[in-house]
Amino acid sequence: MSLFWKPGSERPCILDDEEGGILFFATASSSSSGYGYKSIEKQRQRLPVYKYRTAILYLVETHATTIIVGETGSGKTTQIPQFLKEAGWADGGRVIACTQPRRLAVQAVASRVAEEMGVKLGEEVGYTIRFEDVTNPDATRVKFLTDGVLLREMMDDPLLTKYSVIMVDEAHERSLSTDILLGLLKKIQRCRPELRLIISSATIEAKKISAFFGTRKRHQKKEIEEQRPKLDPAILSVEGRGYNVEIHYVREPVPDYLQASVSTVMLIHDQEPMGDILVFLTGQDDIDAAVQLLTEEAQSHRRNSSGLIVLPLYSGLPRSEQDLIFSPTPRNKRKVVISTNIAETSLTLEGIVYVVDSGFSKQRFYNPISDLENLIVAPISKASARQRAGRAGRVRPGKCYRLYTEDYFLNEMSNEGVPEMQRSNLVSSVIQLKALGIDNILGFDWLASPLPEAMIRALEVLYSLGVIDDDAKLTSPVGFQVAEIPLEPMISKMILSSNQLGCSEEIITISAILSVQSIWVSVRGSQKDLDEAKLRFAAAEGDHVTYLNVYKGFLQSGKSSQWCHRNFINYHAMKKVMETREQLRRISLRLGIVLKSCDRDMEVVRKAVTAGFFANACRLEPYSEGGMYKTVRSSQAVYIHPSSVLLVLRNLTSDCIQFINLESLREYLGIDRTS
DNA sequence: GAGCACTGC
């Protein structure tokens with residue numbers, strides 16, 4: 001049985017929303033935006049988590065694993081590492097680690113904690129994310145890092161011996177790397193009883209995580225004799241600092257959530273006091289459509305809606321447009337942000353008082369039979385609905401309008417989402433575990449077991465790449481090398497193959513570009529211009545060679561942002577490409593790859609691409625409608641993705657087949673090669 | 001004719 005800690009008369013603030021409409025109770029009613037002087041120590045003491053300082057330290061002392069259930073604003077992330085430091089957990093050269101799923105969060109939390117402790121970031125308090133190691137091995141005692149980086153650290157030090165306490169934050173999000181990390185940490189605990197884990201989670205996942213750490217193979221008696229910490233996890237609940245959020249449901253199911261969101265926003269605008277609105281929809285298409293509908297409504301004369309500022313938000317949006325979200329709302333205006341799930345966890349908007357929740361989000365699903373990943377609009381979970389509602393209560397009491405019925409919420413909505421581990425292609429996860437010496441992947445103690453078919457598929461792909469052998473062990477050197485490159489195994493294999501083919505420079509460039517979301521800018525309504533821009537760089541060989549052309553153009557322009565703008569290239573993405581490229585070159589050199597360019601010989605580039613991606617090979621089906629291909633391996637029907645330059649070319653050439661030569665086609669269309 | 005959100009020595 002897990003221990004539930006209830007210190008004093010403090011009651012947990014989270015009520016089950018099954019019982020009423022109210023999600024959070026506020027305990028601290030004062031505003032957190034401290035005007036006037038307040039010492040940092042005073043500010044710290046006002047955080048809800050402060051009251052639990054003694055309880056937390058007691059639990060960490062006596063339990064191998066402590067689970068902290070804390071809502072937003074409890075201060076757990078910034079305070080608990082400091083409590084541990086003050087209590088001596090960093091003495092004797094030991095280090096306290098705190099992991100986050102996202103890089104931005106790591107940086108933000110680390111600098112906040114350094115400021116609170118009055119130390120220079122990178123000394124006593126530091127952080128590590130990809131490309132940035134702001135730590136001093138001799139001085140850093142409190143270290144923030146992404147879970148991905150901690151996993152990488154395990155390759156050098158499998159028992160993570162320098163850490164005394166590891167706090168895994170946001171574990172309820174159940175990302176791929178958090179799940180793997182938790183499984184491995186549980187394993188480490190067996191060898192290192194002195195290691196303490198703190199896992200922070202939202203309510204719903206806490207019980208599952210506790211059960212995971214609570215079940216072990218029979219050594220329970222020994223712990224008492226040896227004065228070991230209790231192996232059963234402790235759970236402590238810390239209230240957040242949100243305000244009440246009143247939940248409204250629709251009486252009848254809505255036929256069209258897009259239309260319903262728009263009319264709900266107008267209703268709020270007409271009837272509710274000032275305060276910004278956040279609407280959760282599923283993707284760019286939905287969002288752009290809603291923005292347009294609302295803008296039209298706002299301009300229609302019958303409403304006094306001139307005060308409405310409607311803004312879209314999704315990760316693919318150019319940075320300049322994303323930044324508009326953070327500009328303060330002018331007086332007598334109301335901001336409406338129409339967003340994807342990015343506003344659910346990754347970005348926090350201040351000033352939101354009303355949330356409109358469509359009840360849907362786009363989710364990735366993996367089909368191991370077809371080996372295809374799909375994005376599907378699917379109903380969200382209760383956990384997600386609760387998180388969305390909480391976004392309305394950050395500055396003052398708010399309201400959340402759910403575009404589904406209460407009955408649906410209570411009786412049909414699932415409690416939590418499917419963990420990413422069960423909806424993903426597993427090649428990367430499997431190779432990571434293999435690299436850490438976990439050979440029996442099927443027998444690994446998973447927090448959520450992946451589908452057996454998915455594991456088999458991953459092992460098949462890795463075997464065919466020559467990364468694992470007949471005994472499913474990493475091959476030497478290829479397997480170990482592929483595991484060392486922080487990319488998907490197929491891309492890593494492509495890099496290794498480029499060595500013999502003499503085109504490592506080109507392949508590394510392509511790999512860096514493949515690791516950013518997209519180098520193209522897509523602005524609403526400018527699809528034709530984007531396609532035209534793509535044609536300036538288009539290569540008949542396909543997207544990979546096209547990317548090389550873009551990269552060359554970018555270098556020739558002197559890495560100019562204006563050049564990017566003219567050519568519909570995402571400047572920030574290109575900067576990331578340059579950074580990734582440098583990192584990949586460093587790693588390649590270490591692996592003994594000779595950095596060499598093949599100049600204009602694209603034949604070898606294509607060979608290298610094929611060496612990594614041969615499993616995706618397919619043939620055009622003769623006489624098929626719409627250009628259907630079938631994969632060589634399993635005759636799975638596939639199509640060229642609409643974003644591919646090949647499709648742009650095909651559509652344009654259907655009218656003018658006589659232009660086999662790309663240069664002539666550009667000439668015909670009046671497109672300059674470089675612009 | 002379409003891209004939820006993340007991560008990595």
Side-chain angles (χ1 to χ4, degrees), chain A residues 99-106 128-133 145-156 170 173-181 280-288 313-317 339-347 358 360-365 373-378 380 384 387 417 420 423-424 428-429 431-432 435 481-489 491-492 511-512 515-522 527-528 530-531 534 570 573 576 579-580 582-591 626-627 639-648 650-652:
Chain A
T99 74
Q100 297 288 321
R102 284 168 292 278
R103 292 192 286 198
L104 252 172
V106 169
T128 309
I129 57 178
R130 188 181 190 181
F131 305 130
E132 247 184 293
D133 184 6
L145 66 177
T146 50
D147 1 350
V149 169
L150 190 60
L151 278 175
R152 286 274 152 192
E153 285 191 2
M154 287 180 78
M155 290 193 185
D156 291 331
E170 316 285 5
E173 289 184 18
R174 303 294 306 275
S175 72
L176 271 181
S177 39
T178 309
D179 265 28
I180 294 181
L181 186 61
F280 284 103
L281 291 180
T282 60
Q284 183 173 350
D285 277 354
D286 273 6
I287 290 169
D288 288 344
L313 176 62
Y314 40 83
S315 78
L317 210 60
S339 173
T340 59
N341 257 1
I342 193 170
E344 196 181 296
T345 46
S346 310
L347 281 180
S358 66
F360 289 94
S361 70
K362 270 195 191 168
Q363 293 161 38
R364 188 180 56 199
F365 287 94
E373 285 185 329
N374 282 320
L375 273 181
I376 294 169
V377 174
I380 60 167
S384 203
Q387 177 74 19
E420 205 180 3
R423 324 181 256 116
S424 307
S428 294
S429 304
I431 198 170
Q432 252 175 338
Q481 289 175 327
V482 166
E484 195 154 336
I485 303 175
L487 296 170
E488 280 170 45
I491 302 182
S492 307
S511 303
S515 77
V516 301
Q517 295 208 352
S518 169
I519 56 164
W520 307 107
V521 174
S522 78
Q527 194 53 57
K528 223 176 143 279
L530 172 60
D531 282 353
K534 280 185 187 174
N570 184 333
K576 230 181 115 184
E579 221 174 11
T580 309
E582 280 315 306
Q583 186 191 30
L584 294 177
R585 291 181 85 216
R586 274 203 309 276
I587 298 170
S588 300
L589 280 175
R590 206 177 55 216
L591 295 178
Y639 297 86
I640 295 179
H641 195 275
S643 66
S644 170
V645 71
L646 289 177
L647 209 63
V648 182
R650 196 185 70 189
N651 290 340
L652 279 163

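Reminder, nothing fancy here: chain letters follow the sequence lines and each chain counts from 1. All of these numbers come straight from a predicted model, not from anything done at the bench.
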Between the main-chain N or O of A:L145 and the side-chain N or O of A:T99, is there a donor-acceptor pair closer than 3.5 Å? no
Sorted by chain and residue number, the side chain to side chain donor-acceptor pair (under 3.5 Å) partners of A:S175 (sequence neighbours excluded) come out as A:T178
So what does A:T340 hit on the nucleic acid, given a heavy-atom distance under 4.0 Å: a base, only sugar-phosphate, or nothing? sugar-phosphate
Which of A:T340, A:D288, A:N341 passes side-chain hydrogen bond (donor to acceptor under 3.5 Å, both in side chains) with A:Y314? It is A:D288
Looking at every strand, decide which applies to A:I342 at a 4.0 Å heavy-atom threshold: base, sugar-phosphate, or nothing. sugar-phosphate
Under the salt bridge (Lys or Arg N to Asp or Glu O under 4.0 Å) test, which residues partner A:E132, sequence neighbours left out? none
Base, sugar-phosphate alone, or nothing: which one does A:T146 contact when heavy atoms must sit under 4.0 Å apart? sugar-phosphate
A:S315 near the nucleic acid: base, sugar-phosphate alone, or nothing, with a heavy-atom cut-off under 4.0 Å? sugar-phosphate
Just checking A:Q583: base, sugar-phosphate only, or nothing, at a heavy-atom cut-off of under 4.0 Å? sugar-phosphate
Which residues pass the side chain to side chain donor-acceptor pair (under 3.5 Å) test with A:S384, not counting sequence neighbours? A:E344
Of A:R586 and A:R364, whose nearest nucleotide on DNA chain B comes first from the 5' end? A:R364
Which is true for A:S518 with a 4.0 Å heavy-atom rule: it touches a base, it touches only sugar-phosphate, or it touches nothing? nothing
Check salt bridge (Lys or Arg N to Asp or Glu O under 4.0 Å) between A:R585 and all other residues, then give those that pass, not counting sequence neighbours. A:E505, A:E582
Those residues at least two apart in sequence (or on a different chain) that pass side chain to side chain donor-acceptor pair (under 3.5 Å) with A:S339 are none
If you assign A:P486 and A:S643 each to the DNA chain B nucleotide with the nearest heavy atom, which residue ends up on the more 5' nucleotide? A:S643
Need one value for A:L487: base, sugar-phosphate or nothing, where a base atom within 4.0 Å counts as base even if backbone is also close, heavy atoms only. base
Students often get this wrong, so: under 4.0 angstrom with heavy atoms, is A:Y639 touching a base, only sugar-phosphate, or nothing? nothing
Name the nucleic acid region contacted by A:R130, choosing base, sugar-phosphate or nothing; use a 4.0 angstrom heavy-atom cut-off, strictly under. base
Would you classify A:E153 as touching base, sugar-phosphate or nothing, given that sugar-phosphate means primed atoms plus P, OP1 and OP2, and contacts are heavy atoms under 4.0 Å? nothing
When you list every nucleotide of DNA chain B with an atom under 4.0 Å from a heavy atom of chain A, which one comes first 5' to 3', and which comes last? B:dG1 to B:dC9
For A:R103, which contact category applies under a 4.0 Å heavy-atom criterion: base, sugar-phosphate, or nothing? sugar-phosphate
